[in-house]
Amino acid sequence: MFASIFQVLIVKPIFNLLVLIYAILPGHNFGLALIIFTVVVRLLMWPLVKKQLHQAKAMRTLQPEIKKIKAATKGNKQAESKMLMELYKEKEISPFGSLGTLAVQFVVLIGLYSGLRGVIGNPEIIVKNSYSFIANLSWIKELAANIHLFDPTLLGIVDLSKAALGKAGIYWPAMVIVIASAITQYYSSKQLLPDAKEKKGLRKILKEAGSGNKADQSEVNAAVGRSTRYFIPVLIFLFTVNIASALSLYWFVGGLVAFLQQGYVLRKDETEMEVIADKPSKGKSKRTVVESEVITKKPTSTPKKKPVKKSSKNKRRKK
């Protein structure tokens with residue numbers, strides 16, 4: 001039931017968008033159509049991507065304030081969480097704002113993978129699974145008459161039906177795309193990481209925690225982020241090296257476009273970013289009140305002076 005709904009609502013529309021581009025593209029090159037399809041998908045996702053990057057930039061600018069809150073609360077997790085939530089609310093930031101974009105990208109990837117696997121295995125699916133208005137296009141009619149006209153290559157250079165690493169050994173044109181996709185993912189991930197002056201490795205943080213020093217969660221998150229910068233490209237390489245290079249091409253072009261989009265937002269659109277990150281709060285925020293309650297120290301009471309007893313000599317003089 002769920003599989004059929006996913007097929008109708010996700011896989012088929014994504015597949016037909018690719019086929020439409022392929023059918024109307026002069027020369028009808030499948031690899032070039034896949035590149036254009038990837039760019040179109042990334043442009044359609046631009047509002048979500050832009051919002052995600054706004055959140056990432058704002059979170060980077062808030063790191064000094066977050067550290068101040070952690071220092072002020074001194075391990076009081078309840079007060080720290082409350083103050084952080086007030087800070088995010090005050091600056092209109094959602095810590096989980098990027099999840100929507102990641103979910104959409106994942107759905108598109110799964111849908112495209114399902115469609116590409118079918119096309120590479122049996123090109124006749126292009127004709128069978130096309131919407132009626134696409135099936136009536138002249139090129140699709142020619143394919144229906146002679147399916148051998150389908151050319152699964154990128155400009156005749158890379159056979160997108162082959163894997164980078166297969167039974168015949170290494171197919172270097174596809175391997176270049178796989179390696180390039182891993183590299184673009186590395187730099188794309190690095191672009192979003194905050195530049196910390198003092199960088200502690202995860203191993204060092206865990207070692208200090210083992211010796212009794214309490215680990216700072218922000219330092220742990222930063223260390224995990226830096227580790228993920230290497231982990232995800234390796235994961236992409238291992239995932240794409242044994243499958244048809246058509247998906248590797250999609251991943252490479254998508255990563256390259258994402259890198260360019262991030263560079264535009266994070267470097268060229270600073271003014272719009274700072275409006276969100278540095279938006280002043282109206283009146284005294286709840287966070288300020290809570291912070292003052294946490295960091296204010298109780299005034300020390302001055303000791304009362306004891307009354308000085310008059311000596312007996314003074315009494316005698318008065319007499």
Side-chain angles (χ1 to χ4, degrees), residues 1-49 101 103-164 171 173-174 177-178 180-181 236 239-240 242-258 261:
M1 178 67 179
F2 177 78
S4 60
I5 293 174
F6 184 80
Q7 188 76 20
V8 172
L9 297 181
I10 305 297
V11 177
K12 202 164 184 179
I14 291 172
F15 172 79
N16 274 271
L17 176 59
L18 175 59
V19 173
L20 176 62
I21 295 170
Y22 169 66
I24 64 177
L25 183 69
H28 311 292
N29 182 260
F30 184 71
L32 190 56
L34 183 57
I35 291 174
I36 295 172
F37 165 84
T38 308
V39 175
V40 169
V41 169
R42 293 296 306 189
L43 291 177
L44 290 174
M45 291 172 58
W46 174 244
L48 283 174
V49 171
T101 307
V104 172
Q105 292 184 60
F106 182 73
V107 168
V108 172
L109 180 65
I110 296 298
L112 182 64
Y113 174 72
S114 179
L116 287 176
R117 187 176 58 178
V119 171
I120 298 301
N122 181 17
E124 291 181 358
I125 290 177
I126 294 176
V127 179
K128 291 180 181 178
N129 286 0
S130 295
Y131 293 139
S132 58
F133 74 93
I134 297 177
N136 289 324
L137 295 174
S138 59
W139 177 246
I140 303 300
K141 287 181 178 180
E142 287 184 40
L143 276 181
N146 183 10
I147 199 63
H148 296 290
L149 292 173
F150 176 71
D151 179 20
T153 68
L154 173 60
L155 302 173
I157 300 171
V158 185
D159 187 349
L160 298 176
S161 64
K162 289 184 178 180
Y171 179 53
I177 296 176
V178 171
S181 65
I236 288 173
F239 176 68
T240 57
N242 293 312
I243 61 177
S245 55
L247 193 65
S248 301
L249 180 62
Y250 166 79
W251 215 308
F252 166 63
V253 177
L256 187 61
V257 175
Q261 286 177 326

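Source: prediction; values computed, not measured. Counting from 1, the numbers follow the sequence of the chain as shown. Only this structure's heavy atoms are used, side chains among them; waters, hydrogens and symmetry mates stay out.
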**OP:** Give, for atom CD1 of Ile35 and atom CG of Leu256, the distance between the pair rounded to the nearest 0.5 Å.
**Re:** 10.0 Å
Original post:
Can you list the steps and then say if Lys12 with Val8 is a side chain to side chain contact (heavy atoms under 4.5 Å, CB included)?
Top reply: CA-CA 5 Å; Lys12 202 164 184 179; Val8 172; 5.8 Å; no
Subject >> Value rounded to 0.5 Å, distance of NE2 in His28 from CG in Asp151 >> reply: 12.0 Å
**OP:** Mark yes or no for whether Asn122, through its side chain, and Ile125, through its backbone, hold a donor-acceptor pair below 3.5 Å.
**Re:** no
Original post:
Which atom pair, heavy atoms only, marks the closest approach of Ile21 to Ala33?
Top reply: CG2-O, 3.8 Å
**OP:** Show the numbers, then the answer: is there a side chain to side chain contact (heavy atoms under 4.5 Å, CB included) between Ile5 and Ile10?
**Re:** CA-CA 8 Å; Ile5 293 174; Ile10 305 297; over 6 Å; no
**OP:** Could you pull out the closest heavy-atom pair between Thr38 and Gly254, with the gap in Å?
**Re:** CG2-N, 3.4 Å
**OP:** Show your working on side chain to side chain contact (heavy atoms under 4.5 Å, CB included) between Val253 and Val257 and close with a plain yes or no.
**Re:** CA-CA 6 Å; Val253 177; Val257 175; 4.3 Å; yes
Original post:
Hey, does the side chain of Asn16 reach the backbone of Asn129 with a donor-acceptor pair shorter than 3.5 angstrom?
Top reply: yes
Original post:
Do side-chain atoms of Ser114 reach the backbone of Ile110 as a donor and acceptor pair under 3.5 angstrom?
Top reply: no
Original post:
What's the spacing between Ile177 CD1 and Leu249 CG if we round to 0.5 Å?
Top reply: 5.0 Å
**OP:** Check whether any side-chain heavy atom of Phe37 lies under 4.5 Å from a side-chain heavy atom of Ile14, and answer yes or no.
**Re:** yes
Subject >> Test item: Leu160 and Thr153 side chains (from C-beta on) under 4.5 Å apart, heavy atoms >> reply: no
**OP:** Calculate, to the nearest 0.5 Å, the distance between atoms CD1 and CG belonging to Ile24 and Leu137 respectively.
**Re:** 8.0 Å
Original post:
Taking Tyr171 for the side chain and Asp159 for the main chain, is one N or O donor matched with an acceptor at less than 3.5 Å?
Top reply: yes
Original post:
Are side-chain heavy atoms of Pro13 and Tyr131 found at a separation under 4.5 Å?
Top reply: yes
Subject >> Between OG on residue Ser161 and CD1 on residue Ile243, distance to nearest 0.5 Å >> reply: 13.0 Å
**OP:** With the side chain counted from C-beta on, respond yes when Trp139 and Leu149 share a heavy-atom pair under 4.5 Å apart, and no when they do not.
**Re:** yes
Subject >> Heavy-atom pair with the smallest gap, counting every atom of Asn242 and Ala163 >> reply: C-CB, 3.6 Å
Original post:
Would you say the side chain of Gln261 lies within less than 4.5 Å of the side chain of Arg42, judging by non-hydrogen atoms?
Top reply: yes
Original post:
Which class fits the ring pair Tyr22 and Phe30: parallel under 30°, tilted 30 to 60°, perpendicular over 60°?
Top reply: perpendicular
**OP:** Using the six-membered ring wherever Trp is involved, compare the ring planes of Trp251 and Phe239 and label them parallel, tilted or perpendicular (cut-offs 30° and 60°).
**Re:** perpendicular
Subject >> Pairwise side-chain contact, Leu34 with Leu154, heavy-atom cut-off 4.5 Å (strictly under) >> reply: no
Original post:
To the nearest 0.5 Å, how far apart are CD in Glu142 and CZ in Phe150?
Top reply: 15.0 Å
Original post:
Within the side chain of Ser245, is there an N or O that forms a donor-acceptor pair under 3.5 Å with the backbone of Lys162?
Top reply: yes
